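Remarks on the structure that follows.
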Amino acid sequence: MKEVSEYIQANKDRFINELIELLKIPSVSADSTYKGDVVNAAEAVRKSLEAAGADNTELCQTAGFPVVYGEKIIDPSKPTILVYGHYDVQPADPLGLWDSPPFDPVIKDEKIYARGACDDKGQMFMHVKAFELMMRTNQLPCNVKFLIEGEEEVGSVNLETFITEYKEKLKADIILISDTSMLSMENPSITTGLKGLSYLEVEVTGPNRDLHSGVYGGAVGNPINILCEMIASLKDENNYITIPGFYENVLEASGKERELMAKTPFNLVDYKSKLGIDEVHGEIGYTTIERRGIRPTLDVNGIWGGYIGEGAKTVLPSKASAKISMRLVPNQSDEEITAKFKKHFESIAPKSVKVNVRPHHGGEPYVMPIDIPEYEAASEAIVKVFGKTPVPVRAGGSIPIVALFEDVLDLKSILLGFGLDTDAIHSPNEHYGIDNFLKGIETISYFYESYSNRK
Ligand code: BES
Ligand code: MN
Ligand code: MN
């Protein structure tokens with residue numbers, strides 16, 4: 001491909017400014033206050049696709065937020081890449097911990113700071129710009145379709161219906177996604193696995209009202225104490241999850257696979273120091289890379305109950321709650337694990353309380369083969385830009401629609417992400433390196449070329 005780096009160099013300021021405009025729209029899908037902004041972001045993405053040269057751009061209505069669609073069919077006999085991304089973002093809370101307002105992007109130390117800078121507006125926008133580059137330089141080598149959704153951060157609940165209904169329109173040969181991270185700029189990687197997810201909310205109820213903690217304390221079950229004991233019992237002293245049958249369907253990695261994983265260029269000292277922790281924590285017998293990539297996990301995401309205002313209030317609360325997520329690996333399923341959790345959690349509750357387990361959205365895990373031409377094409381594109389062969393790495397995060405793309409559309413996904421674990425996605429001060437953004441655009445452009453050459 002000609003002119004790739006020239007085009008990026010000549011247009012990079014405009015690319016960054018356009019991304020900044022998109023980042024100013026607070027498209028928080030979880031919070032109904034931002035309903036209008038989410039739709040505005042969809043329209044902004046549609047316009048950017050149109051301006052880049054896409055045909056038939058539209059906002060496709062769903063029961064939730066619209067899906068942005070656009071395409072360029074240069075020759076129906078040529079292969080088609082379907083680009084997936086999301087324009088919605090996580091809530092910016094806690095606002096007080098941001099150094100600059102989350103929807104007022106700033107550039108500091110060659111990084112763009114804003115909610116969505118990396119996840120996923122910045123990464124999704126690289127695809128719009130790589131497409132623009134290929135259109136303007138007259139070298140788009142294959143067909144391309146864009147499917148950019150607005151509900152990824154709330155579980156993509158309406159997307160399965162959408163892709164089922166639009167199966168014909170979405171016909172393609174491969175799905176290309178930038179919504180994951182790399183090990184580092186020096187050690188590029190390709191994501192070859194995503195975790196599944198089972199997410200539940202539990203509520204423990206004791207007495208029918210809040211009580212005086214002296215008058216009743218020690219005599220009546222305290223829902224917070226009991227919830228903590230129940231949660232603590234979900235793991236044993238080796239950090240194995242104790243839910244009966246939890247590991248039953250886990251596909252154990254072979255010795256050879258684990259040997260390869262051990263060679264992953266991962267710096268544990270650096271990892272700990274960047275997080276400000278003295279030691280890592282997890283299942284005995286597994287490395288950090290393994291714990292994150294191939295082992296299922298269980299974490300409390302939030303816990304509340306009782307008095308948390310200023311000063312001390314002596315109260316024995318009536319209720320306590322927690323949000324619990326379990327990240328799943330092949331061949332666990334969301335439905336199976338959710339049912340096992342519910343049964344177990346209800347069974348360990350003492351008679352002094354009642355427990356209610358309510359499942360939220362979930363998703364299935366995904367693993368990508370590395371012996372397919374599309375993986376090789378991605379690897380070749382990365383070598384061109386980063387000067388190093390990428391290593392395959394399984395991620396700890398989830399993108400539930402990817403497993404459904406395979407089930408419904410019969411398509412594999414290439415997870416060509418350019419974020420870094422330190423980009424603080426979902427956290428205050430989320431950012432995305434300008435170098436990552438520009439190298440991403442370049443790599444994506446080369447992917448089109450190496451992919452089309454192999455087809
Ligand atoms: N882009 C992330 C997923 C991700 C991040 C995968 C980093 C691999 C590496 C995505 O936007 C996300 O946050 N997904 C949610 C799942 C969803 C059901 C809310 C997650 O993983 O918590
Ligand atoms: Mn994302
Ligand atoms: Mn996310």
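Read the numbers this way: they start at 1 and go in the same order the structure lists the ligands and their atoms. What you see is a predicted model, and the numbers here were worked out from it, not measured in a lab.
Within the 4.0 Å heavy-atom criterion, the part of Pro400 lying near ligand 1 is the side chain and not the backbone. Contacts between His86 and ligand 1, counted as non-hydrogen atom pairs separated by less than 4.0 Å, involve the side chain only. No part of Met182 comes within 4.0 Å of ligand 1, judged by heavy-atom distances.
Not a single heavy atom of Val154 sits less than 4.0 Å from an atom of ligand 1.
Under the 4.0 Å criterion applied to side-chain N and carboxylate O atoms, Glu290 and Arg295 are not assigned as salt-bridge partners. Contact check on Glu449 versus Arg454 returns no salt bridge, with no Lys/Arg side-chain nitrogen under 4.0 Å from an Asp/Glu carboxylate oxygen. Under a 4.0 Å N-O distance rule, the pair Lys340/Glu248 qualifies as a salt bridge. Remark: Glu430 engages Arg115 in a salt bridge, criterion side-chain N to carboxylate O under 4.0 Å. A salt bridge is defined here as a Lys NZ or Arg NE, NH1 or NH2 lying under 4.0 Å from an Asp or Glu carboxylate O, and Lys412 with Glu406 meets this definition. Taking the charged nitrogens against the carboxylate oxygens, Lys263 and Glu259 have no contact shorter than 4.0 Å, which rules out a salt bridge.
Under a 4.0 Å criterion applied to the non-hydrogen atoms of His361, ligand 1 contributes the atoms 18 (C). Interface atoms of ligand 1 facing Arg327, defined by a heavy-atom separation under 4.0 Å, are 20 (C), 21 (O), 22 (O). Those atoms of ligand 1 with a heavy atom of Leu197 less than 4.0 angstrom away are 18 (C). Of all atoms in ligand 1, listed by their number and element, those nearer than 4.0 Å to a heavy atom of Ile425 are 5 (C), 7 (C). Near Ala395, with a cut-off below 4.0 Å to any heavy atom, the atoms of ligand 1 are 8 (C). The atoms of ligand 1 that sit less than 4.0 Å from any heavy atom of Gly397 are 6 (C), 8 (C), 21 (O).
Side-chain contact annotation: Ser325 with Asp299, donor-acceptor N/O pair under 3.5 Å absent. There is no side-chain donor-acceptor pair under 3.5 Å between Lys47 and Thr57. Inspection of the Asn56 and Glu71 side chains reveals an N or O donor paired with an N or O acceptor under 3.5 Å.
Looking at Asp179, Asn301, Asp421, it is Asp179 that brings a heavy atom closest to atom 4 (C) of ligand 1.
Remark: ligand 1 and Glu152 share an N or O pair separated by less than 3.5 Å (distance only, no angle test). In terms of polar-atom proximity, defined here as any N/O pair under 3.5 Å, Asp119 does make such a contact with ligand 1.
Smallest separation of non-hydrogen atoms from Ile25 and Asp37: CG2-O, 3.2 Å.
Looking only at its N/O/S atoms, Asp119 has OD1 as the one nearest to the Mn ion (ligand 2).
For a distance bound of 2.8 Å, the N, O or S atoms of His86 include none lying that close to the Mn ion (ligand 3). The Mn ion (ligand 2) has no N, O or S atom of Glu153 under 2.8 Å away, backbone or side chain.
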